[in-house]
Amino acid sequence: TGTEQQSSGGTDGRVAFLDYGDFGGGSNPQANYNPYLDATRLGATDYVFEQLVVYDKYACEAKPWLATEYAWKDPKTLIWTLREGVKWNDGKPFTADDVVFTYELLKQHKALDNTGIWRYLSAVQATDAKTVSMTFGEPGAAAFTLFGEIKIVPKHVWSLVDDPVTFTNPEKPVGTGPFTVKAFNPQQLTLGRNPDYWQADKVQVDELRFHKADGGGQVDQLKLSRGEYDHNGMFVPDIKKTFVDRDPEHNHYWYPPGGSISFYMNLTKAPFNDTAFRKALLTAFNRQEIADKAQLGYVTPASQTALVVPGQAAWLPSDIPNQGVMGFDLAEADAALTAAGYPKNGQGKRLGKDGRPIAFTFRTPGEWTDWVQAGKIIVGNLTDLGFDVRQEGPTPQTYEADRAAGNYDTLLGVHGGSCNMFRNFQEPLASDQSAPIGKKALSNFVRWTDPRTDQLIETLRTATEESAQKAAVADLTKVMVDEVPMIPLWYGAKWFQYRTARAVGWPSEDNPYAAPGDNLLIITNLKPATAAK
Amino acid sequence: MTLLEVDQLSVTYTPRDQPAVRAVRDVSFTISDGEFVGLLGESGCGKSTLGNALLRLLSPPARIIGGRVLFDGADLATLHTRQLRELRWTNLSTVFQSSMNSLNPVIRIREQFADTFAAHRVTDNVDTRAAELMELVSLDRRVLRAFPHELSGGMKQRVALALALALRPKLVLLDEPTTGLDVVVQRSILDRLAELRQELGFAVLFISHDLGTVLQMADRVLVMYAGEIVENRPAAELRSDPRHPYTRGLLGSYADPRQPEVRITSIPGRTPDLSVSHPGCLFAPRCPYAEDACTQTHPALLPDHGGLVRCLVAQADRLPTTPPGPLTGATVDPAFVATGGAEVASISPGIADAAGTSSAGAAGARSPNAGSGSLSAADTDEATGAGETAAILVVHDVHKRYTTRKGLRTNTVTAISGVSLALHRGRVTALVGQSGSGKTTIARLITGIERPTTGEVRFNGGGDGDGDPTRVDRLRGRALRDYRRHVQMVFQDPFAALNPTRTVAYALSRPLVNYGGLRGGAARDRAAELLESVGLFPAGQFLDKLPHQLSGGQRQRVVTARALAPDPAVLIADEPISMLDVSIRAEILELLADLVRTRRLAMLYITHDLLSARLLADEVLVLNRGELVESGPTAEVIGAPRNDYTKLLLDSIPRL
Amino acid sequence: MSTPAPAVPTPSRNTQTAVEQGHRSGMRGRLLGRQPGWFAILWRNRKCRIGLLILAGFVLVALFAPVLAPYDPRSNDFPTSLGPTGDHWLGTTVQGEDVFSQLVVGARTSLIVGLAAGLLSTLVGLVIGLTAGYAGGWVDEILSFLINLGLVVPALPLMVTLAAYSPVRGLWLIIFVISVTGWAYGARIKRSQIITLRTRDYITAARFAGDGTARIIAREIVPNMTSLIVVGFMGAALAAIGGEAGLAFLGLGDPLTVSWGTMLNQASLGGAMITGQWAWLIAPGLTLALLITSFTLINFGIDALSNPHLREDG
Amino acid sequence: MAYFARRFAFFLATLWAAVTLNFLIPRLQPGDPAEAIVSRIGGKGQAVDPAQLEAVRTMLGAPGGNLFEQYVRYLGAVFSGDFGVSYSYFPYSVTHMIGEALPWTLVLVGVTQILSFVIGTLLGTWAAYRRNTRVDSVITLGSTFVGTLPFFWIALLLIYVFAITLRWFPERGGYGGGSSPGWNWLFISDAFQHSVLPGLALLITGPIGWIIGMRNNMVQSLGEDHARLAVARGLPERRIAITYGARIAILPNVTGFAIALGSILGGTVLVETVFNYPGMGRLLLESVSNKDFPLMQAIFLFTTIGVLIANFLADILYGFLDPRVRKAENS
Ligand SMILES: Nc1ncnc2c1ncn2[C@@H]1O[C@H](COP(=O)(O)OP(=O)(O)OP(=O)(O)O)[C@@H](O)[C@H]1O
Ligand SMILES: Nc1ncnc2c1ncn2[C@@H]1O[C@H](COP(=O)(O)OP(=O)(O)OP(=O)(O)O)[C@@H](O)[C@H]1O
Ligand SMILES: [Mg+2]
Ligand SMILES: [Mg+2]
């Protein structure tokens with residue numbers, strides 16, 4: 001395509017601009033740079049505002065950012081040391097007051113506290129201009145990823161705002177980040193490099209241009225395949241053919257795994273309440289086929305441990321074979337089921353303990369076509385085992401409501417995948433996240449209630465030492481493998497396409513320094529393509 | 001000087017779905033300057049088609065397949081569009097059959113005049129000229145500002161006439177210009193037309209099936225039958241000496257009700273199917289004088305007795321001579337009676353049906369109610385005799401007001417005020433009056449379709465006949481249904497009164513099932529009997545037919561049979577013959593008269609046609625604007641009207 | 001004049017058959033004017049004949065879809081994103097399903113939707129139109145208001161909104177939604193028709209004959225509205241087929257059902273344009289157009305049945 | 001006058017019904033608006049924090065009181081133009097979002113609707129004027145065929161041919177990223193370029209209905225007696241076609257056109273979706289897929305009111321155009 005040379009003409013050898021994909025905010029985006037309004041804010045906030053630490057969400061490593069250091073004074077007290085020389089992009093200095101103001105803001109306006117940090121925090125104070133201390137009601141390490149990554153906003157701007165919940169911060173949002181908002185219209189958002197950025201030398205791109213997308217429709221795919229985006233993060237069918245092959249030298253993609261998508265069984269119903277039954281199903285699903293067919297080969301089969309491998313492999317207990325990823329073996333499943341007391345009858349129907357054929361429903365939201373496709377494979381596998389399974393495709397709302405209330409037999413659910421191990425296990429498994437059938441469960445939709453699990457989660461929550469955390473996680477993965485509260489099937493993919501024609505240094509399978517979406521990490525790692533050559 | 005010359009003109013309809021119809025065959029005639037020529041014939045005989053052909057207004061599937069039309073020496077068929085356009089209206093204008101639709105509904109009357117003037121480059125001031133024309137047809141000039149829908153039918157027709165005369169044409173073609181209008185209005189328009197012709201001197205081709213009017217107005221009459229001109233003769237001669245048997249038949253079906261003696265006859269049979277070719281005379285199957293040759297040889301239109309006639313028998317001078325003065329009872333051509341046609345005035349129970357089969361035509365059973373001079377005495381006798389029997393149905397001082405809502409305002413129309421009348425078994429009461437006088441409203445009140453605003457309708461015939469009278473005006477639901485077992489209605493329009501998708505058997509079996517409790521076969525048998533009792537036999541041939549397979553007269557009889565099915569005591573007949581051709585009317589009238597006599601029915605006969613009232617009724621009530629203005633024995637009311645309105649009604653009938 | 005004869009007259013019933021036949025031809029003749037059988041009229045109209053042939057083709061395909069479709073339309077055992085090949089005439093989808101099989105099975109969906117939604121909205125329109133027209137008075141006022149409301153409420157937004165509110169997404173929902181939005185027009189026409197029919201003398205006559213309202217409606221009125229009902233049905237079916245495709249294309253359809261609309265939706269999402277899978281994108285659109293065309297063509301004939309003006313047009 | 005009063009009464013009653021339906025439907029719906037908003041704010045898959053939920057609920061002024069009180073409040077809000085906050089564009093108000101989308105739709109759809117009507121009426125008139133000739137067949141058959149092509153499909157093809165392959169026009173959106181909305185030449189020409197393809201898609205299928213309707217009506221009115229009499233009166237053919245044909249034939253289309261104009265407010269969901277046009281249709285579809293009930297309701301209400309008003313105006317206009325109507329209403 002021969003477009004590689006022309007456009008690195010930015011100042012000082014920097015990349016003049018990069019074309020990025022969508023910037024959020026719906027089909028008719030409105031200026032909204034309130035970093036706490038996650039669903040409606042524009043993508044620019046990632047580059048305008050910064051947080052105390054930045055997580056590399058691939059390896060789950062915290063990198064110092066606005067804070068240079070943090071230390072647990074005791075399990076309930078955390079001391080942050082803030083970076084020197086950081087300035088707001090309106091020239092005012094960044095101080096501990098701003099940090100305290102930000103956390104207080106979320107305390108006063110619960111609507112903005114998306115991650116619920118004030119469930120753990122009890123106070124945030126500035127010890128001096130560069131030091132902030134946080135105190136917790138209980139040991140707070142488990143929530144670190146949550147409150148460490150709160151975007152810090154300037155007190156001198158936000159304290160004047162009447163209602164921060166409806167504040168869209170539309171004019172020149174003030175932040176500490178590497179970019180400022182240069183121009184906006186609903187079709188395009190342009191960010192300009194912040195020359196006074198505290199690590200300006202690492203930002204090698206003068207301008208980022210985000211283009212309004214049509215939600216992954218044809219036109220966007222086409223533009224991507226024509227090389228009109230330097231980076232995008234969208235679903236692309238048959239990416240090899242439609243993107244990589246068009247310019248194999250520059251076009252690349254990397255789809256690291258996200259949370260697990262699992263087969264949820266309603267544990268309050270027979271036969272799903274029988275551990276032996278569930279265990280027998282471990283090898284019943286053709287995970288590879290799901291990954292290849294329903295998910296177009298963009299994903300990998302998931303580990304039964306509920307951890308995301310290989311990224312979180314460090315947390316795995318060493319004695320788990322194949323990182324906990326189960327094979328597909330219908331014969332084995334059949335044998336195990338028969339052994340567990342669920343034989344097949346003459347017509348090949350699988351019988352329950354009551355001697356009657358086992359029949360149940362399986363649901364995915366009807367609109368999520370890839371799930372529906374996966375569901376077909378799942379139902380096929382189960383049918384092969386002699387179950388009578390009916391697949392249903394309700395609307396997402398119904399699906400969600402029924403899932404929360406426990407009105408289902410089996411369905412697909414998502415869990416885990418974050419860098420917060422406590423949450424990864426607490427949300428799907430803790431009994432306090434459950435509820436009786438008919439009442440809304442918060443997140444334990446399978447209704448797993450097990451004192452030992454609860455205790456392990458509690459240990460994880462309060463453990464400040466990494467070794468203690470690892471021990472607890474290891475035990476929890478054992479629960480997953482031995483007692484099978486749910487059966488993870490595959491990892492949701494994080495879409496990430498990039499071109500190396502103008503800029504290089506994107507995270508990739510070979511250099512996984514960040515996960516897609518870790519924008520601050522990525523932008524500070526990009527280099528002009530010509531310079532790199 | 002000859003203005004219009006039509007020479008061997010033939011028109012064929014070639015519809016896609018049906019066989020071609022030869023609607024006009026070899027028609028030749030001429031019209032001289034200022035001449036008033038009438039064109040007479042039954043419905044469907046090709047009058048309008050001929051008219052349209054003369055105007056070159058035929059549209060597919062109609063096509064002129066032969067002949068010429070010369071207007072002022074120019075052949076209309078070969079004129080260029082532009083020449084034709086110039087000739088139109090300046091020389092040759094027209095008034096169409098339907099007054100309702102001949103004006104553009106969305107532009108004002110004035111514009112329609114302006115249009116015409118503009119098209120023919122008339123430079124006069126439109127308003128002055130149009131106002132003059134309005135005056136000409138006795139309309140207020142304010143009418144010019146109106147839209148067509150704001151005018152009554154009569155006014156529209158006058159506007160159409162004014163429009164036709166706008167450019168002082170030499171020939172005006174009037175195609176039934178007054179059909180559908182009220183008798184009184186009709187009269188006034190025709191009178192105005194006659195005056196205008198006197199003044200302006202244009203020639204007229206006047207198309208109509210109304211024999212009286214044509215004879216009264218025309219200088220010369222063309223009689224058309226099945227697409228052919230069968231007779232062409234000066235009006236006076238045609239009346240005194242009709243030469244074609246068909247003309248004689250037509251004349252026989254018409255009479256002046258004011259005459260002391262009134263008799264009419266019908267022409268049996270139906271018009272031939274024009275889509276097949278007939279070798280002989282087209283009228284032969286219906287003709288009482290037909291000879292063998294008539295079925296073989298097609299007669300030509302040849303001079304005869306000072307006119308032209310298309311009849312072998314007449315041309316050979318073998319026609320029986322008939323006494324002159326055809327429009328009185330004495331002159332009815334006995335031939336029609338002889339062949340089974342009905343001579344209503346002297347009721348014969350037999351009725352000629354389509355096949356021409358005749359029944360035991362025991363003539364002579366004198367009607368008590370109508371006809372010859374000697375009847376007036378009998379009439380009175382009967383009337384007094386009936387007066388003594390108790391009335392079966394009494395309408396007492398009934399008022400009916402209709403309230404119409406116009407958005408937020410309401411409007412009250414008084415349709416009936418203070419009407420009282422009584423019906424007696426075995427007697428016919430005629431209710432006459434002009435359109436809108438409230439006749440139908442009375443029928444609806446009597447039959448319980450509507451309730452009077454004040455007043456009573458009492459019925460004495462329920463159950464065994466004694467006991468308290470039924471208050472009809474309070475009936476609902478089941479009771480109303482029970483009442484209708486005794487009081488039935490014959491609907492005005494035989495085409496509308498039968499469901500086109502239901503067979504005769506179905507229509508007849510419903511009252512039998514509902515009132516007689518008959519089922520299946522029994523109902524069918526009874527239906528067959530009913531059909532035969534109204535003269536439709538063999539009944540089996542009709543039971544499974546659908547209405548469109550029946551002629552108008554046959555339908556009317558089915559409707560009557562249905563009304564008779566519950567064996568009612570009272571029959572309300574609302575203008576039962578208004579839609580029918582003159583030749584069928586007599587047939588139906590005879591049937592009704594016969595029923596009254598044989599079943600001792602009480603009948604209310606509603607009509608605006610005084611001739612039929614004269615023939616059928618014992619007693620006549622005259623209704624004007626919802627009030628009874630005159631009543632009495634038929635011969636008295638019609639023979640010596642006292643009320644002005646009655647006189648007006650009678651004057652509307654052409655005097656011959 | 002060709003009247004389709006009642007099936008196989010047996011000699012022993014000859015007389016009766018003759019009567020029946022006469023009767024039926026009469027019925028038909030009436031229904032369609034003074035005409036030969038309805039089928040003959042439809043058939044003779046060239047546009048209509050072509051339409052009938054196309055429709056018959058679709059019906060056959062739909063009936064024998066399982067036989068005609070080379071593969072299970074949802075089986076994704078094939079290589080993904082193929083262009084047309086010998087094995088897969090129209091290629092495969094991005095998920096490795098056979099496009100041609102989907103096309104064949106999609107015909108079924110479209111016809112079912114057309115038939116069901118057409119029937120349903122015709123029925124609703126008929127009941128409401130009949131009731132309003134026949135009952136008159138305040139019943140009519142209320143129902144007319146409903147009808148007018150149904151007419152002014154914008155259909156597609158209503159469809160979209162209704163589809164959004166409903167808890168399940170299935171073909172029947174689509175059918176329901178289309179019927180809910182599509183009945184009003186038919187109801188209005190039927191109402192005005194019945195108002196003219198209601199005042200006909202033969203209806204009053206039926207009352208004089210002692211018939212009840214229900215019977216009058218069923219036996220006297222409805223038979224006179226046959227051609228109107230048929231035209232209405234065709235129109236509704238046509239709108240339903242297009243509506244289903246549109247909704248499915250917007251992603252508001254039932255993804256578990258194979259229809260041309262869902263095919264187009266998936267072709268659009270699945271990058272058919274980029275991968276150059278023309279067949280996948282064009283085929284459902286063209287077949288859809290063809291099916292709708294067949295209905296429109298047939299409608300020409302049906303219009304001609306009731307409107308002699310159109311009959312001369314060939 | 002009575003005629004207008006009646007139309008106006010109908011207008012008010014329908015308006016009331018539409019508003020009330022709009023009130024009722026979401027209330028028959030299970031679920032809590034606050035929850036919908038929180039799950040929007042928090043993003044998919046996040047567990048909802050009850051405290052946050054409560055905060056949002058308070059902020060929204062979640063419905064309290066019995067249904068009737070809610071209804072009264074709702075009516076008040078609607079008539080003061082307050083449709084609440086959009087969930088998917090939180091914290092922007094529904095009114096703001098509609099204000100953003102409406103001009104696009106009004107211009108694109110409005111212009112194409114009017115053009116469609118004009119073109120359709122002219123072609124229909126021409127076909128009727130030359131009925132049963134080749135012109136007639138070409139127009140009738142051609143429009144029948146084109147009219148059956150799925151709309152969105154034509155749009156897809158247009159994009160492929162003119163935007164992607166030939167690159168004559170931009171492939172989507174209402175304007176480019178470079179220009180900024182406003183009354184400047186750059187923006188207007190940019191917006192025009194963007195509207196060509198969607199406009200074309202609308203114009204291809206738009207006139208069909210008018211063509212057929214106009215043609216059939218006109219053939220009919222030219223067959224009526226008054227038109228035949230006009231021929232007999234020697235009026236020029238053209239004059240007859242216009243005053244006695246088209247002038248009458250167009251009347252039944254007026255109401256249809258008004259409804260079409262009114263429904264502009266709802267945009268054209270399919271075309272706007274295919275072209276990513278920032279109009280009402282796409283906003284509606286988006287609100288639907290995001291379960292943004294306030295926005296959805298408001299758009300629906302807007303559309304309905306638009307049609308209603310247009311319908312009302314058409315009725316009035318009709319009253320002037322067709323002198324027969326008022327009379328008919330009265331009887
Ligand atoms: N469009 C048509 N297609 C086929 N036949 C037609 C058509 N119009 C008229 N006819 C036939 O042509 C014949 C003459 O019709 P025409 O209208 O001229 O009769 P008419 O004498 O004017 O009758 P009326 O007194 O009822 O007006 C009739 O038999 C009729 O059936
Ligand atoms: N339903 C109604 N609502 C309002 N006015 C009515 C109604 N029915 C009849 N009228 C009025 O009552 C008057 C009498 O009408 P009716 O139908 O009884 O007249 P008619 O003598 O039968 O006339 P025609 O000879 O034309 O049949 C007319 O002025 C008519 O306008
Ligand atoms: Mg005539
Ligand atoms: Mg009357």
Side-chain angles (χ1 to χ4, degrees), chain B residues 14-19 59-61 443-444 447-449 477-478 480-485 487-516 540 543-549 555 558-559 562-563 565-566 568 572 574, chain C residues 1-2 15-16 18-38 40-42 44-46 141 196-197 199-213 215-216 218-227 304-305 308-314:
Chain B
T14 41
R16 289 171 59 87
D17 307 330
Q18 290 154 293
S59 55
R444 294 167 73 85
T447 51
I449 301 174
R478 262 216 100 68
L480 188 60
R481 222 191 75 166
D482 290 342
Y483 167 68
R484 286 183 181 151
R485 174 194 300 262
V487 177
Q488 283 277 324
M489 181 142 156
V490 176
F491 290 85
Q492 176 165 4
D493 175 1
F495 294 85
L498 289 174
N499 189 331
T501 61
R502 292 278 147 206
T503 60
V504 171
Y506 178 87
L508 289 180
S509 66
R510 292 317 301 162
L512 296 173
V513 169
N514 288 323
Y515 297 124
L543 277 175
D544 292 312
K545 282 195 167 157
L546 285 163
H548 77 279
Q549 295 164 320
R555 287 186 206 208
V558 173
V559 172
R562 178 174 59 188
I572 312 292
D574 188 2
Chain C
M1 289 192 228
S2 60
T15 43
Q16 209 195 330
V19 171
E20 241 174 60
Q21 197 164 355
H23 177 154
R24 290 202 188 170
S25 72
M27 284 276 273
R28 296 216 170 100
R30 158 83 263 314
L31 196 129
L32 316 167
R34 341 143 250 185
Q35 294 307 320
W38 59 270
I41 294 190
L42 292 185
R44 199 193 32 220
N45 181 320
R46 200 176 72 226
E141 290 284 329
T196 68
L197 288 179
T199 50
R200 297 268 160 99
D201 283 349
Y202 60 79
I203 301 300
T204 320
R207 244 183 265 129
F208 273 85
D211 280 341
T213 303
R215 190 182 181 98
I216 288 179
R219 299 302 189 86
E220 309 274 348
I221 290 180
V222 170
N224 279 295
M225 298 172 62
T226 321
S227 77
L305 292 182
H309 268 294
L310 302 172
R311 207 176 298 163
E312 302 300 329
D313 292 356

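A note on names: the letters A, B, ... follow the listed sequences, proteins ahead of strands, and every chain is numbered from 1. What you see is a predicted model; the values in this text were computed from it and never measured.
- A side chain to side chain contact (heavy atoms under 4.5 Å, CB included) with B:R444 is found for one member of B:I449, B:D574, B:I572 and no other, namely B:I449.
- Only the side chain of B:R481 comes within less than 4.5 Å of a heavy atom of chain C; its backbone N, CA, C and O stay farther away.
- Using a 4.5 Å cut-off between heavy atoms, B:Y483 makes no contact with chain C at all.
- The heavy-atom pair separating B:R562 from B:Q488 by the smallest distance is O-OE1, 4.3 Å.
- For the residue pair B:A497 and B:V559, the shortest heavy atom distance occurs at CB-CG2, 3.9 Å.
- Ranking B:M489, B:R485, B:K545 against chain C, the residue ahead of the rest is B:M489, based on heavy-atom pairs under 4.5 Å.
- Proximity to chain C is limited to the backbone of B:V487, based on heavy atoms less than 4.5 angstrom apart.
- In this view, C:D201 satisfies the salt bridge (charged side-chain N to carboxylate O under 4.0 Å, His left out) rule with no residue, not counting sequence neighbours.
- A search for ring-ring contact (aromatic ring centres under 6.0 Å, His included) contacts involving C:Y202 returns nothing, not counting sequence neighbours.
- Only the side chain of C:R215 comes within contact range of chain B, with at least one heavy atom under 4.5 Å from a heavy atom of that chain.
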